[in-house]
Amino acid sequence: MTAAPSPNPCPITPQKPPSGAFDQELCGLVLDTAPRLFAVVQVCDEGHEDADGWVVAWGLVDNDGPTYVIGVDGRARITLASPERAVRHFARPPGVTVRLVWLAQPGAAVLDRAEAA
């Protein structure tokens with residue numbers, strides 16, 4: 001079986017581009033436009049010494065766009081108007097509270113995947 005030619009007139013070949021001002025500009029653009037990442041966390045017995053918590057979903061939100069939430073089990077994939085709506089979606093019986101935990105805004109961007117790890 002022969003692979004079909006790419007419909008992209010300018011296929012991209014992965015390679016590490018040379019360092020320079022343009023690379024810094026690209027990394028700055030990525031930092032300026034990066035969406036915010038948050039976890040939806042359920043907490044049992046919050047406020048007690050034996051409280052326990054677990055992540056039930058991850059969310060992604062852009063300043064001007066919708067919120068995308070994916071359950072850690074992969075079954076829930078929802079689009080919401082705001083991150084706070086995820087709290088309502090994952091609400092559970094009494095004794096279990098739901099909270100959003102935001103990851104800090106990124107402070108660095110790199111072009112090489114290995115450097116990002």
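As the structure is a computational prediction, the values presented were derived from the model and not from experiment. Each residue takes its place number in the sequence, starting with 1.
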Report yes or no: do [X] and [Y] belong to one cluster of Ile/Leu/Val/Met/Phe/Trp/Tyr joined by side chain heavy-atom distances under 4.5 Å?
{"X": "Leu103", "Y": "Val43", "result": "yes"}
{"X": "Leu100", "Y": "Val98", "result": "yes"}
{"X": "Val61", "Y": "Leu37", "result": "no"}
{"X": "Val41", "Y": "Ile70", "result": "no"}

inquiry  = Treating Gln42 as the side-chain partner and Phe90 as the backbone partner, does any N or O pair qualify as donor plus acceptor under 3.5 Å?
reply    =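 Indeed, once roles are kept as given, a pair shorter than 3.5 Å links the two residues.
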Residue list, ring pair (Phe, Tyr, Trp, His ring centres under 6.0 Å) with Trp102, at least two apart or on another chain =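 Ring pair (Phe, Tyr, Trp, His ring centres under 6.0 Å) check on Trp102 returns Phe38.
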ask   = How would you list all residue pairs meeting side-chain hydrogen bond (donor to acceptor under 3.5 Å, both in side chains) that involve residues 66-79, not counting sequence neighbours?
value =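 For residues 66-79: Asp73-Arg75.
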request  = May I have all residue pairs that pass side-chain hydrogen bond (donor to acceptor under 3.5 Å, both in side chains) and include part of residues 30-40, sequence neighbours excluded?
outcome  =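 Matches after skipping sequence neighbours: Arg36-Gln105.
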query = With clusters built from Ile, Leu, Val, Met, Phe, Trp and Tyr whose side-chain heavy atoms come within less than 4.5 Å, directly or transitively, what are the remaining members of the cluster of Leu26, listed by chain and number?
reply = Phe22
request  = State which residues pass side chain to side chain contact (heavy atoms under 4.5 Å, CB included) with Asp52; sequence neighbours excluded, sorted by chain then number.
outcome  =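 Asp52 satisfies side chain to side chain contact (heavy atoms under 4.5 Å, CB included) with Trp54 only.
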inquiry  = Give me each pair satisfying salt bridge (charged side-chain N to carboxylate O under 4.0 Å, His left out) with a member in residues 97-107, each pair once, sequence neighbours excluded.
reply    =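 Residue pairs passing salt bridge (charged side-chain N to carboxylate O under 4.0 Å, His left out), neighbours aside: Glu46-Arg99.
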ask   = How close do Ala109 and Cys27 get, heavy atom to heavy atom, and via which atoms?
value = O-SG, 3.4 Å
request  = Would you mind reporting whether Val55 and Val40 have side-chain heavy atoms less than 4.5 Å apart?
outcome  = no
request  = Have a look at His89 and tell me which of Val56, Ile78, Val69 forms a side-chain contact (heavy atoms from CB on, under 4.5 Å) with it.
outcome  =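 With His89 as partner, Val56, Ile78, Val69 yield a single side-chain contact (heavy atoms from CB on, under 4.5 Å), made by Ile78.
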